[in-house]
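Okay, so here's the structure we're looking at.
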Protein chains: 2
Amino acid sequence: MSLELTPVEAVACCPPLAREPLSESEAEGIAPLLKALADPVRLRLMSMVASHEGGEACVCDLNDAFELSQPTISHHLKVLHEAGLLDREKRGVWVYYRARTGALQNLAALIGGQAQ
Amino acid sequence: MSLELTPVEAVACCPPLAREPLSESEAEGIAPLLKALADPVRLRLMSMVASHEGGEACVCDLNDAFELSQPTISHHLKVLHEAGLLDREKRGVWVYYRARTGALQNLAALIGGQAQ
DNA sequence: CAAAGACATAGACACACGTAAATATTTACA
DNA sequence: TGTAAATATTTACGTGTGTCTATGTCTTTG
């Protein structure tokens, strides 16, 4: 067991931004999650996986949608995975990533939640 | 009038991430908004302003909450302002920043919106 | 008009980040 | 067993980012 929370775990701990000021440690836990999303390529990857049927997509499909090298896509997927936004599963030669929609919803609640 | 959208304007244009894949230009419009939020200090600033009474706060109050130089806080406020997340108003010697809660809610809808 | 206070801007620096090329690893199949 | 395909890792490099110090601008007040 780890005392270190993943960004996705950290985001579930806090009331909405507009309710009360975030503490320093809360902010430091949440920022990495936003950072993981704050890149055009990763936003598109996240959106492609989340909107794909079954909420999952094969890397082989994702690579072709970008004019970027395969290692670059692999790198971005790793960032999203380590932030806790994507789950990873290997099936045969292929790797499938699955969106953690609960994480997205927790993040949305933090950002857009009403003050009261 | 400008043909260039602010990040806050860009975020209002798109269905939720999980509904359909974001286009390249949509993603490039939205990423800067997330980038503006994806810093612990700016997250706390945004939260402090949004949760403050009246949805606004004076820079003088914000500076004291951090062990950072005044120009650094000023820089972060500028980033949030230019992203469209904070409005800026000078009253006498003091400057007040006001949270654009609509922008936060649009962003939350984009991130956490249901697929259907 | 001069001085002081509130905030912004400019410049500089260390570090992080996005990308690509080269290489490694894993799996399937002939 | 060996070869090809899918994906990850390593390394390197240019660019961006967060921070500070120094300085500028604006407003109030003596």
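Just so it is clear: chains get the letters A, B, ... in the order the sequence lines come, proteins before strands, and each one is counted from 1.
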Listed partners of A:Glu56 passing salt bridge (Lys or Arg N to Asp or Glu O under 4.0 Å), at least two apart: A:Arg91, A:Arg98
At the 4.0 Å heavy-atom cut-off to chain B, mark where contacts on DNA chain C begin and end, going 5' to 3'. C:dA6 to C:dT9
Contacts of type side chain to side chain donor-acceptor pair (under 3.5 Å), residue A:Thr101, not counting sequence neighbours: none
For A:Ser25, check side-chain contact (heavy atoms from CB on, under 4.5 Å) against everything at least two apart and list the hits. A:Ser23
Not counting sequence neighbours, which residues clear side-chain contact (heavy atoms from CB on, under 4.5 Å) with B:Pro21? List them please. A:Ser47, A:Met48, A:Ser51
With sequence neighbours left out, the residues meeting side-chain contact (heavy atoms from CB on, under 4.5 Å) with B:Pro16 are B:Arg19
Please list, chain by chain and in numerical order, all residues satisfying side-chain contact (heavy atoms from CB on, under 4.5 Å) with A:Cys58, sequence neighbours excluded. A:Cys60, A:Asp61, A:Trp94, A:Tyr96
Return the set of residues passing side chain to side chain donor-acceptor pair (under 3.5 Å) with A:Ser74 (not counting sequence neighbours), or none when no residue passes. none
Could you list the residues that satisfy side chain to side chain donor-acceptor pair (under 3.5 Å) with B:Glu20, not counting sequence neighbours? none
Report yes if at least one side-chain N or O of B:Lys35 is closer than 4.0 Å to OP1 or OP2 of D:dT17; otherwise report no. yes
So which protein N/O to nucleotides 24-29 of chain D N/O distances come out below 3.5 Å?
none

Could you check which residues of residues 58-80 of chain A get a heavy atom under 4.0 Å from DNA chain D? Sort them by number, please. A:Cys58, A:Val59, A:Cys60, A:Gln70, A:Pro71, A:Ser74, A:Lys78
Just call it for B:Tyr96: base, sugar-phosphate, or nothing, with non-hydrogen atoms closer than 4.0 Å on any strand. nothing
Looking at B:Leu22 and B:Pro15, what are the two nearest heavy atoms and their distance? CD1-O, 4.5 Å
For A:Arg44, which residues count as a side chain to side chain donor-acceptor pair (under 3.5 Å) partner, sequence neighbours excluded? none
